[in-house]
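Numbers for residues simply follow the sequence, beginning at 1.
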Amino acid sequence: MPYDVRSVANYVLETAERLDITVTNISVNKIVYFLHAWFLAKTGQPLVTAKIEAWDYGPVFRELYMQFKPFGAGRITVLATRRNPSTAKEEVCPVGIEREDEEFLQPLLLRYLQMTPASLVRLSHESGGPWDQVYNHSGESNPGMRISDEAIQQYFRCQTRH
């Protein structure tokens with residue numbers, strides 16, 4: 001059931017457009033990360049299958065970063081696309097989020113859309129959080145600085161108990 005990360009990004013972007021809220025590359029990456037994290041904590045299942053990496057400014061989905069890199073720190077004005085395997089043409093990723101999932105995600109999305117990119121970065125950098133555990137690790141190297149779903153699920157499940 002996990003969704004394409006670009007489809008979830010489009011869900012964020014379409015909602016933001018309806019509300020006239022600016023979404024940047026940093027903010028879309030953090031918002032999708034937080035939606036994924038809370039979904040994982042609630043259901044035990046990933047919202048998206050894309051790899052999450054620990055970069056300087058927090059968790060990043062490489063697919064989203066590359067797609068929206070041309071916008072820099074400015075407002076994203078297009079939806080995420082993918083190449084259709086049948087036609088080899090670039091097409092907008094359909095959102096297609098199931099109703100039950102959207103009912104859970106919508107209140108979270110509205111909350112995170114109100115936050116500035118800097119606030120989202122600070123929130124993603126919480127001491128002891130998944131990004132912090134990977135980015136500031138000690139010991140063996142962590143190629144690709146991947147943040148595992150297991151680390152995310154364990155951390156966010158503890159957050160729901162407070």
- Message: Check R146 with E53, please: is the shortest side-chain N to carboxylate O separation under 4.0 Å?
- Response: no
Output the distance between atom [atom1] ([X]) and atom [atom2] ([Y]), rounded to the nearest 0.5 Å.
X    : Y    : atom1 : atom2 : answer
K30  : S124 : NZ    : OG    : 5.5 Å
I76  : S27  : CD1   : OG    : 6.0 Å
D101 : L35  : CG    : CG    : 11.0 Å
H36  : Q45  : NE2   : CD    : 10.5 Å
Y112 : I31  : OH    : CD1   : 9.5 Å
Y33  : L40  : OH    : CG    : 9.5 Å

- Item | Stepwise side-chain hydrogen bond (donor to acceptor under 3.5 Å, both in side chains) test for E126 and Y155 | CA-CA 11 Å; E126 281 187 334; Y155 181 78; 2.6 Å; yes
- Report the C-alpha separation of V95 and V8 in whole Å, then their side-chain angles, then the decisive distance to 0.1 Å, and conclude whether the side-chain contact (heavy atoms from CB on, under 4.5 Å) test is met. CA-CA 6 Å; V95 172; V8 177; over 6 Å; no
- Query: If only atom types and distance count, is the side chain of Q133 paired as donor or acceptor with the main-chain N or O of G128 below 3.5 Å?
  - Reply: yes
- Side-chain (Q67) to main-chain (T81) donor-acceptor, under 3.5 angstrom: yes
With the 4.5 Å side-chain cut-off for hydrophobic clustering, are [X] and [Y] part of the same group?
X   : Y    : answer
V23 : L120 : yes
F68 : M66  : no
V60 : F34  : no
I97 : F39  : yes
I21 : I26  : no

Is atom [atom1] of [X] surrounded by more than 12 heavy atoms (other residues, nucleotides or ligands) closer than 6.0 Å?
X    : atom1 : value
Y57  : OH    : no
E63  : CD    : yes
E103 : CD    : yes
R62  : CZ    : no

- Message: Before you tell me yes or no, could you show the steps for W55 and Y65 under ring pair (Phe, Tyr, Trp, His ring centres under 6.0 Å), namely the whole-Å CA-CA distance, both residues' side-chain angles and the distance that decides it to 0.1 Å?
- Response: CA-CA 11 Å; W55 289 18; Y65 175 80; 4.8 Å; yes
- Task: Test side-chain contact (heavy atoms from CB on, under 4.5 Å) on I147 and W131 and set out the steps.
- Result: CA-CA 7 Å; I147 303 173; W131 175 88; 4.2 Å; yes
- Query: Can a cation-pi geometry be assigned to K51 and F61, taking NZ or CZ under 6.0 Å from the six-membered ring centre and within 45° of the ring axis?
  - Reply: no
